[in-house]
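A short write-up of the structure that comes next.
Every heavy atom of this structure was used, including side-chain atoms; hydrogens, water molecules and symmetry mates were not. For ligands, and for the atoms within them, numbers begin at 1 and follow the listed sequence.
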Amino acid sequence: MKIKSAKFLLSNTDYKKCPADDKPEFAFIGRSNVGKSSLINMLVGRKSLAKTSGKPGKTQLINHFEINQQWYLVDLPGYGWAKVSKTSRKAFAEIITGYLLNRQSLVNTFVLIDVRIEPQPVDLEFINWLGSHGLPFMLVFTKGDKLSKQKVQRSVARFGQALQQTWEELPPMVVSSAVTGQGREELLGYIELWLG
Ligand code: GTP
Ligand code: MG
């Protein structure tokens, strides 16, 4: 798919105030600092459409971007950020679950996992939560440039094994890098399939 236009629309803390629910929508989620905003920029080929930061907790709102005047891409706040208070962690969780459960045009969620770290309970819990609500998702391993090919494969296999404890069938998975552009064609192709 060719990206002809990418436009930031608006930021919200509440799904009710998001743009009209009238275009197919794809959300990006994962732990803070996993590389959600960087991946979005890599996909659309714009350096700083979504704001990124070396410090966790940069994205705190539901951010809508309109792509090719046809579909929405959504940058969500990170979950499982240890450095915020319990109260704000709960507030973030409510923003995220409220959005995921109520957004009618949400087509697919991309769950981002840092390929360098071993399976984290918070990620597995979130994935199981999506499953229990029947929400479709794809796993995207980020920062693929930081490990050797072999280590990447090992890490992906390890995650698959962790999932097999609760899942009969594994979800689609892809390895990406915001630095090298790895995974771009696969991810855009996947979105295109959904767009039909
Ligand atoms: P929050 O908005 O805080 O939840 O974080 P985020 O998930 O949006 O992460 P963000 O895109 O801001 O990236 C976090 C840090 O990881 C930044 O320093 C990025 O430059 C770095 N980063 C993201 N993706 C990659 C990647 O594919 N490769 C490498 N080497 N660094 C990356
Ligand atoms: Mg972000």
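Around atom 19 (C) of ligand 1, the closest heavy atom drawn from Ala178, Ser38, Ser32 belongs to Ser38. Closest heavy-atom approach to atom 9 (O) of ligand 1 within the set Ser177, Gly144, Gly35: this belongs to Gly35.
Considering backbone and side-chain N/O atoms, Ser37 comes within less than 3.5 Å of an N/O atom of ligand 1. Taking only nitrogen or oxygen atoms, main chain and side chain alike, Asp75 does not reach within less than 3.5 Å of ligand 1. The shortest N or O to N or O distance between Thr52 and ligand 1 is not below 3.5 Å. The N/O atoms of Lys36, backbone and side chain alike, include one that comes under 3.5 Å of an N/O atom in ligand 1. Between Val34 and ligand 1, an N or O atom pair is found at a separation short of 3.5 Å.
Looking at heavy atoms from C-beta onward, Asp75 lies in side-chain contact with Phe65 at the 4.5 angstrom threshold.
By the salt bridge (Lys or Arg N to Asp or Glu O under 4.0 Å) test, Asp14 is found to be paired with no residue, residues two or more places apart in sequence or in another chain being considered. Residues forming a salt bridge (Lys or Arg N to Asp or Glu O under 4.0 Å) with Arg154 (at least two apart in sequence, or on another chain): none.
Under 3.5 Å, the side chains of Ser11 and Asn63 contain a donor-acceptor pair of N or O atoms.
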Worked verdict on Arg31 versus Asp114 for salt bridge (Lys or Arg N to Asp or Glu O under 4.0 Å): CA-CA 9 Å; Arg31 295 198 313 139; Asp114 188 325; over 6 Å; no
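For an aromatic pair to be called close, the ring centres must be under 6.0 Å apart, and Phe126 with Tyr79 satisfies this. Residues Trp194 and Phe137 place their aromatic rings such that the two centres sit no closer than 6.0 Å.
Counting the atoms of ligand 1 from 1 in the order shown, those under 4.0 Å from a heavy atom of Gly78 are 4 (O). Distances below 4.0 Å separate heavy atoms of Val179 from the following atoms of ligand 1: 27 (O), 28 (N), 29 (C), 30 (N).
The shell of residues lying under 4.0 angstrom from ligand 1, judged by heavy atoms, includes Asp145.
Considering Tyr72, Trp71, Tyr99 as possible partners of Glu25, the one that fulfils the side chain to side chain donor-acceptor pair (under 3.5 Å) test is Tyr99.
Among the atoms of Ser37, an N, O or S atom falls under 2.8 Å from the Mg ion (ligand 2).
In Lys146, the part holding a heavy atom less than 4.0 Å from any atom of ligand 1 is the side chain.
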